[in-house]
Amino acid sequence: MKIGYPCINESLDCTSSRTFRLASYTEERLIETVEQNLACLRRILEYNVQHGLLFFRLTSGLVPFASHEVNKYNWQEHFKMTFRRLGSYIRNNNMRISMHPDQFVVLNSPNEQTVKNSIAELVYQGSVLDLMGLDTTAKLQIHGGGAYGDKASALSRFSEVYHTMLPDAVKARLCVENDDRTYSLRDCLYLHDLTGMPIIFDNLHHECVNNGEPMREAVEMAAATWQPERDGILMMDYSSQALGERKGRHTQSIQEQLFHDFLIETEGLDMDIMLEIKDKEDSALKALKLAQALGRA
DNA sequence: GCGTGTCAAGACCTC
DNA sequence: GAGGTCTTGACACGC
């Protein structure tokens with residue numbers, strides 16, 4: 001089991017998602033920003049290795065405006081060697097990597113342009129992992145999308161786009177994650193049947209929307225959608241409810257007893273866990289200790 | 001130097 | 001149809 005956190009390291013004084021305004025786009029600005037982002041990413045990865053955190057989500061913002069039409073620059077070629085070195089470092093240290101395109105990536109949107117933009121974004125993020133030379137156990141994680149008042153049609157639209165429009169390089173990495181209001185684990189299992197995509201399981205979302213599956217059973221069902229030789233073991237997002245806040249809101253800091261209970265409940269199941277918790281590596285380090293104490297990591 | 005309105009992109013809810 | 005919310009870090013302007 002590997003433990004990790006997403007995108008941002010709060011102990012370091014750099015960010016790997018520096019950006020700028022579209023209005024101030026220039027090639028020079030792009031190159032300079034990507035250079036800084038990749039240098040910071042290197043530092044974050046080194047921190048992670050030093051601290052035993054071997055699961056990490058790369059930020060979507062590594063290359064600003066990567067899938068925007070304004071960006072005609074061949075950054076892939078320009079940064080080829082840097083990406084390759086980062087990838088070697090990741091592989092040599094046996095780290096697991098994911099990326100999570102954000103809310104704007106909606107494959108089942110009725111709006112054709114939205115679908116096109118979404119695919120372009122997936123191609124960009126997949127190409128980052130490709131340039132790093134990572135195998136297909138490095139994943140792209142998206143949600144089901146909108147329901148548009150007719151979830152059955154939305155699900156089949158997803159499947160159609162998947163089969164007719166997505167490049168193989170994206171399909172090899174794409175996963176679907178259960179969300180906290182529309183697409184439950186059951187819906188994701190249906191999408192898995194239609195496409196073969198593995199399911200990234202989110203325990204807090206499952207608490208928000210489910211069909212009565214107990215937690216351990218839910219984890220087992222999601223894990224069964226992963227083909228070990230192609231996909232690796234189950235990836236999951238772990239969080240717990242922020243007390244007194246809106247349902248589904250992530251806690252500020254890990255509630256250690258709850259995480260301990262979750263590990264006990266899932267004893268014997270192998271998975272990599274991403275702590276989706278606001279204080280980032282701080283909670284991930286606490287989680288790692290708890291997992292190590294139970295002989296899980 | 002600091003505070004704050006705004007930022008490429010979507011969906012959904014309320015009014 | 002307009003506007004707010006979700007979520008959310010960082011830019012960039014104004015003071």
Side-chain angles (χ1 to χ4, degrees), chain A residues 5-26 28-30 32-41 44 56-73 75 99-125 140-151 153-155 157-158 161 176-184 187 202 204-205 208-209 237 239-242 244-253 274-283:
Chain A
Y5 62 99
C7 306
I8 294 168
N9 181 301
E10 297 186 327
S11 309
L12 299 173
D13 58 359
C14 70
T15 165
S16 58
S17 55
R18 283 195 64 162
T19 184
F20 48 86
R21 294 289 173 256
L22 180 56
S24 48
Y25 181 93
T26 62
E28 296 68 40
R29 190 89 191 257
L30 177 77
E32 181 198 331
T33 307
V34 174
E35 236 160 40
Q36 291 175 346
N37 285 344
L38 295 181
C40 181
L41 176 59
I44 295 176
F56 188 64
R57 181 185 300 163
L58 307 185
T59 172
S60 313
L62 279 180
V63 182
F65 306 103
S67 66
H68 191 283
E69 58 178 16
V70 74
N71 187 344
K72 305 259 198 287
Y73 185 67
W75 53 267
M99 293 184 83
H100 193 344
D102 61 25
Q103 72 206 80
F104 307 110
V105 171
V106 186
L107 288 183
N108 62 9
S109 172
N111 180 333
E112 217 173 292
Q113 193 57 49
T114 302
V115 175
K116 273 191 192 151
N117 295 345
S118 299
I119 293 172
E121 181 67 16
L122 288 171
V123 167
Y124 148 58
Q125 298 199 22
L140 299 174
Q141 157 179 11
I142 62 170
H143 292 293
Y148 312 95
D150 181 358
K151 203 195 274 183
S153 303
L155 284 164
R157 212 159 47 237
F158 189 112
V161 168
V176 63
E177 177 198 352
N178 59 308
D179 67 62
D180 61 353
R181 42 212 250 176
T182 310
Y183 290 95
S184 66
D187 295 322
D202 185 306
L204 181 57
H205 293 167
C208 295
V209 182
D237 287 345
S239 189
S240 54
Q241 175 68 43
E245 299 269 3
R246 179 188 64 82
K247 190 173 143 198
R249 199 167 184 103
H250 294 172
T251 183
Q252 184 62 39
S253 182
M274 170 89 39
L275 278 285
E276 276 200 329
I277 292 181
K278 294 196 192 301
D279 66 4
K280 307 289 176 183
E281 75 277 8
D282 214 44
S283 284

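Each chain gets a letter, A, B and so on, in the order the sequences are listed, and its residues count up from 1. Just so we're clear, the structure is a prediction, and the values are computed from it rather than from any experiment. Computation of the quantities below employed the complete heavy-atom set of this structure, encompassing side-chain atoms and omitting hydrogens, waters and symmetry-equivalent molecules.
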Please give the distance between the C1' atoms of dG5(B) and dG4(C) as a whole number of Å.
16 Å
For dT8(C) and dC2(B), measure between their P atoms and round to the nearest Å.
26 Å
Taking Arg18(A) as the fixed residue, which of Glu35(A), Gln36(A), Glu32(A) is the one that meets the side-chain contact (heavy atoms from CB on, under 4.5 Å) rule?
Gln36(A)
On a whole-Å scale, what distance lies between the C1' atoms belonging to dA10(C) and dA11(B)?
24 Å
Paired and unpaired positions of DNA chain B as dot-bracket, Watson-Crick or G-U wobble under 3.5 Å, | denoting a partner strand
|||||||..||||||
OP1, OP2 of dG9(C) versus side-chain N and O of Thr15(A): anything below 4.0 Å?
no
Any Ser24(A) side-chain nitrogen or oxygen under 4.0 Å from OP1 or OP2 of dA12(C)
yes
Between the side chains of Ser239(A) and Glu276(A), does any donor sit under 3.5 Å from an acceptor?
no
Are side-chain heavy atoms of Asn9(A) and Phe56(A) found at a separation under 4.5 Å?
no
In this structure, which one of Val34(A), Thr26(A), Leu30(A) forms a side-chain contact (heavy atoms from CB on, under 4.5 Å) with Tyr73(A)?
Leu30(A)
Would one find more than 12 heavy atoms of other residues, nucleotides or ligands at under 6.0 Å from atom CZ of Arg29(A)?
yes
In whole Å, measure the gap between the P atoms of dG3(C) and dT6(B) for me.
13 Å
Interatomic distance, Asp279(A) atom CG to Ile8(A) atom CD1 [nearest 0.5 angstrom]:
12.0 Å
Take atom CZ of Arg29(A) and atom P of dA10(C), then tell me their distance rounded to the nearest Å.
15 Å
Taking only the P atom of each, what is the distance from dA9(B) to dA12(C) in whole angstrom?
16 Å
Please give, in whole Å, the distance from dC6(C) P to Asp180(A) CG?
12 Å
Look at all strands and tell whether Lys278(A) reaches a base, only sugar-phosphate, or nothing, counting heavy atoms closer than 4.0 Å.
sugar-phosphate
Kindly assign one of parallel, tilted or perpendicular to the pair His143(A) and His100(A), based on the angle between their ring planes and the thresholds 30° and 60°.
tilted
What does the B/S/- profile of nucleotides 8-15 of chain B look like, 5' to 3', with a 4.0 Å heavy-atom cutoff to protein?
BBBSS---
Aromatic plane relationship, Tyr25(A) with Phe65(A) - under 30° parallel, 30 to 60° tilted, over 60° perpendicular:
perpendicular
For Asp187(A), all residues meeting side-chain hydrogen bond (donor to acceptor under 3.5 Å, both in side chains), sequence neighbours excluded
Lys151(A), Ser184(A)
